Amino acid sequence: MGCSSSLPDRSPGRVGGLNPDNGGDSDAKNLRVKLVLLGDSGVGKSCIVLRFVRGQFDPTSKVTVGASFLSQTIALQDSTTVKFEIWDTAGQERYAALAPLYYRGAAVGVIVYDITNPDSFHKAQYWVKELQKHGSPDIVLALVGNKADLQEKREVSVQAGIEYAEKNGMFFIETSAKTADNINQLFEEIAKRLPRPSPS
Amino acid sequence: MYTTQKKMVIPFEIQTEITILRPSIHARRANLVVKFQDLYGFTVEGNVDDVNILNEVREKVREQGKAWWAMEANKGANWYFHTYASSIALTSSLRFSVLVNAMTLKKLIRKGIPPSLRPKVWFSLSGAAKKKSTVPDSYYDDLTGAVSDKITPATKQIDHDLPRTFPGHPWLDTPAGHAAVRRVLVGYSFRDSDVGYCQGLNYVAAMLLLVMKTEEEAFWMLAVLLENVLVSDCYTDNLSGCHVEQRVFKDLLTKKCPRLSTHLETMGFDVSLVATEWFLCLFSKSLPSETTMRVWDVLFYEGAKVLFNVALAIFKMKEEELLMTHSVGDVIKIIQDTTHHLFDPDELLTVAFDKLNFMTTNLSKQRKKQETVVMAELDQRLRRLNTSKLRVNG
């Protein structure tokens with residue numbers, strides 16, 4: 001179902017173990033990237049990851065404490081593979097001081113808000129600023145409006161998301177971890193935007 | 001035994017037999033993953049060997065129960081409490097019999113308190129009973145009654161987290177279970193507004209309810225845990241206490257497993273990546289339930305240092321394997337696989353208390369040292385963010 005484009009973790013082309021540096025590129029064909037998810041509590045960070053990695057929606061996923069780690073490899077059209085090493089962080093405010101631990105060296109920052117909750121959109125902007133200032137200089141940033149299936153409860157317009165993302169040079173997408181809408185697209189788009197190491 | 005409590009008694013019984021929920025004749029041969037309920041009613045996934053281990057554990061628990069009952073018959077019903085009280089009071093003039101009893105008690109506790117005696121033993125030995133005795137009998141009812149309708153950031157977060165605490169548990173994940181966890185957490189958030197509510201406490205409160213069986217006793221256990229057992233400020237505003245513990249732990253690992261520590265560091269693996277959850281949920285989110293409870297048996301008697309023993313033991317058990325890893329992801333995977341499958345508590349506790357002798361370290365001195373560093377760092381972060389905010393706005 002959900003993850004039609006993803007390969008199992010042990011895809012033959014995986015280069016795990018060959019690059020000792022954390023989150024660095026592997027080679028031109030097989031990338032390994034560190035990705036961090038940030039955003040307010042309850043916006044659906046864990047649900048997005050579980051949908052992407054396991055292809056399931058778990059309406060009762062557990063509260064994340066500290067952060068949890070999962071990985072998933074996807075294959076792109078040009079036969080490159082990208083292994084995402086995903087850090088899914090706790091959303092409660094008091095965990096914020098731990099965030100640098102997870103975004104340090106990350107090649108991708110995915111900042112999530114809930115389209116039914118304007119406060120979470122505000123919080124997303126805080127994370128964007130922190131990553132712009134303190135994340136890796138060439139970090140790829142994505143802004144994600146989740147819970148797009150709850151149209152009738154929408155309080156953050158698509159336009160607001162687009163505008164903010166454009167202004168900050170980010171990739172923008174609205175997703176629904178519940179219906180799987182745009183989840184794979186999110187990760188595929190990120191993969192396309194990754195800086196590629198020059199083939200040697 | 002503990003049915004005389006005036007509070008609602010939780011209608012949850014310790015499982016007498018481990019039952020496989022989806023049995024399969026092929027499971028044994030193919031070593032397939034099966035789902036089963038553990039002693040405290042949690043559905044866990046494992047192979048048939050894991051089920052067998054759990055059944056052995058249950059048998060050991062029963063044997064251990066006999067040892068405790070024999071002590072009661074021999075020394076009287078509350079012998080452990082008298083032992084505890086007199087070992088505290090008579091530090092300068094320890095009588096031999098007291099000393100012997102204290103050593104017996106420590107050993108017995110490290111071997112595990114039988115689930116049926118846990119509420120009673122925890123309540124007296126942790127200091128919760130004493131804490132409760134200093135306030136009027138109606139304290140818990142008055143507190144929860146007075147705050148039940150109040151809405152604060154803490155109560156909002158609690159309400160949000162209730163269904164996400166132990167989803168699928170036969171009692172915790174019912175309206176009655178949610179309501180009980182809620183009252184304990186909301187009550188505590190008003191008792192200590194510096195803590196309010198911190199994610200992680202939901203798991204701790206839920207486990208306490210399962211063991212103590214009455215809300216009031218679970219509440220006092222939570223109070224004694226945060227106010228006396230653990231270091232202060234573990235769960236407050238910026239989790240500074242937790243940050244301190246992480247750093248102390250990092251130093252301990254360097255001291256006890258220098259090769260591993262260097263290896264992890266070269267890969268960019270910081271122990272906080274896994275240990276934050278351990279220290280804030282007190283292992284309840286990582287270890288199987290009976291193993292967690294065995295850690296808590298010792299925690300409530302010997303104090304917060306126990307968390308270091310256990311955390312260190314987990315790394316120590318897998319030291320060789322971890323030395324072979326090449327990426328942070330591999331390390332996390334090994335650690336997670338290990339903790340999730342530690343169904344035999346003795347396997348972990350033997351390493352934690354018999355094989356690792358590290359308490360030569362002066363913990364309070366270490367904590368003091370790290371406290372200064374952590375405070376400076378947190379302060380620096382705050383200032384850095386404030387200046388960046390000014391720049392963005394200006």
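The structure presented is a predicted model; accordingly, all values stated were derived computationally and were not measured. Convention: sequence-line order gives letters A, B, ...; per-chain numbering from 1.
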Visitor: Counting only heavy atoms closer than 4.5 Å, note whether B/Asp161 contacts chain A via side chain, backbone, both or neither.
Guide: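 Both parts, heavy atoms under 4.5 Å.
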Visitor: To the closest 0.5 Å, what do you measure between CG (B/Asp270) and CZ (A/Arg104)?
Guide: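 Between B/Asp270 CG and A/Arg104 CZ, I get 6.0 Å after rounding to 0.5 Å.
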Visitor: Could you tell me whether a side-chain N or O of B/Gln199 sits under 3.5 Å from a main-chain N or O of A/Val65, the two making a donor and an acceptor?
Guide: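 It does not hold such a pair.
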Visitor: Counting only heavy atoms from other residues, nucleotides and ligands, does the tally under 6.0 Å from NZ of A/Lys29 exceed 12?
Guide: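 Above 12, so yes.
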Visitor: Drop me the distance from A/Glu85's CD to B/Asp330's CG, to the nearest 0.5 angstrom.
Guide: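 Atom-to-atom, A/Glu85:CD and B/Asp330:CG are 7.5 Å apart.
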Visitor: Please list all pairs passing the salt bridge (Lys or Arg N to Asp or Glu O under 4.0 Å) test where one or both residues lie in residues 154-164 of chain A, with sequence neighbours left out.
Guide: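 Sorted result for residues 154-164 of chain A: A/Arg154-A/Glu174.
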Visitor: Considering all heavy atoms of both residues, which atom of B/Arg164 and which atom of A/Ser61 are nearest to each other, and what is their separation?
Guide: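 The answer is CB-O, 3.3 Å.
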Visitor: Taking all non-hydrogen atoms of both residues, which atom of B/Tyr197 and which atom of A/Arg94 are closest, and how far apart?
Guide: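 For B/Tyr197 versus A/Arg94, the nearest heavy atoms are O-NH2, 3.0 Å.
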Visitor: Tell me, side chain or backbone of B/Gln157 under 4.5 Å from chain A's heavy atoms, or both, or neither?
Guide: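 Contact with chain A involves the side chain of B/Gln157 alone.
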Visitor: Listed by residue number, which members of residues 36-45 of chain A have a heavy atom under 4.5 Å from any heavy atom of chain B?
Guide: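 If one takes a 4.5 Å heavy-atom cut-off, the residues of residues 36-45 of chain A near chain B are A/Ser41, A/Gly42.
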Visitor: Minimum heavy-atom separation for A/Pro100 and B/Arg381, please, with both atom names.
Guide: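 Closest approach of A/Pro100 to B/Arg381, heavy atoms only: CG-NH1, 3.7 Å.
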Visitor: Supply the atom-to-atom distance B/Lys285 NZ to A/Lys62 NZ, rounded to the nearest 0.5 angstrom.
Guide: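 It is 6.0 Å, given to the nearest 0.5 Å.
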Visitor: Under a 4.5 Å heavy-atom cut-off, does chain A meet the side chain of B/Cys198, its backbone, both or neither?
Guide: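 For B/Cys198, the contact with chain A is made by backbone and side chain together.
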Visitor: For B/Tyr203 and A/Val63, indicate whether the former's side chain and the latter's backbone hold a donor-acceptor pair under 3.5 Å.
Guide: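 Yes.
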Visitor: So how far is it from B/Thr276 OG1 to A/Leu98 CG, rounded to the nearest 0.5 Å?
Guide: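 One gets 5.0 Å once the value is rounded to the nearest 0.5 Å.
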Visitor: Between B/Ser327 and A/Arg32, is any pair of side-chain heavy atoms under 4.5 Å apart?
Guide: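 Sidechains of A/Arg32 and B/Ser327: in contact.
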Visitor: Could you tell me which portion of A/Tyr95 (side chain, backbone, both or neither) has an atom closer than 4.5 angstrom to a non-hydrogen atom of chain B?
Guide: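 Backbone plus side chain of A/Tyr95, per the 4.5 Å heavy-atom cut-off to chain B.
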Visitor: Considering residues, nucleotides and ligands other than B/Glu377, do more than 12 of their heavy atoms fall under 6.0 Å from its CD?
Guide: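 Yes, the 6.0 Å shell around CD holds more than 12 heavy atoms from other groups.
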Visitor: Tell me, for B/Leu273 versus chain A, whether the close heavy atoms (under 4.5 Å) come from the side chain, the backbone, both or neither.
Guide: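 Contact with chain A: backbone and side chain both.
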Visitor: Please classify the contact between B/Thr325 and chain A as side chain, backbone, both or neither, with a heavy-atom cut-off of under 4.5 Å.
Guide: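 Nothing of B/Thr325, per the 4.5 Å heavy-atom cut-off to chain A.
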Visitor: So A/Phe69 and B/Val274, do their side chains get closer than 4.5 Å, heavy atoms only?
Guide: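 When only atoms from C-beta onward are counted, A/Phe69 and B/Val274 do not touch, as no gap falls below 4.5 Å.
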Visitor: Highest number of heavy-atom pairs under 4.5 Å with chain A: which of B/Leu239, B/Thr165, B/Asn238?
Guide: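 Between B/Leu239, B/Thr165, B/Asn238, the count favours B/Leu239.
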Visitor: Measure A/Thr64 against the heavy atoms of chain B and call it side chain, backbone, both or neither at under 4.5 Å.
Guide: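 Answer is backbone: N, CA, C or O of A/Thr64 sit under 4.5 Å from chain B.
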Visitor: Give a yes or no on this: more than 12 heavy atoms of other residues, nucleotides or ligands lie within 6.0 Å of atom CD of B/Gln380.
Guide: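 Atom CD in B/Gln380 is not crowded, with 12 or fewer foreign heavy atoms closer than 6.0 Å.
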Visitor: What residue in B/Gln336, B/Met324, B/Glu277, B/Gln246 has the most heavy-atom pairs under 4.5 Å with chain A?
Guide: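 Option with the greatest count: B/Glu277.
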Visitor: Distance check, rounded to the nearest 0.5 Å: A/Ser71 atom OG versus B/Lys333 atom NZ?
Guide: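 Nearest 0.5 Å value for the OG-NZ distance: 8.5 Å.
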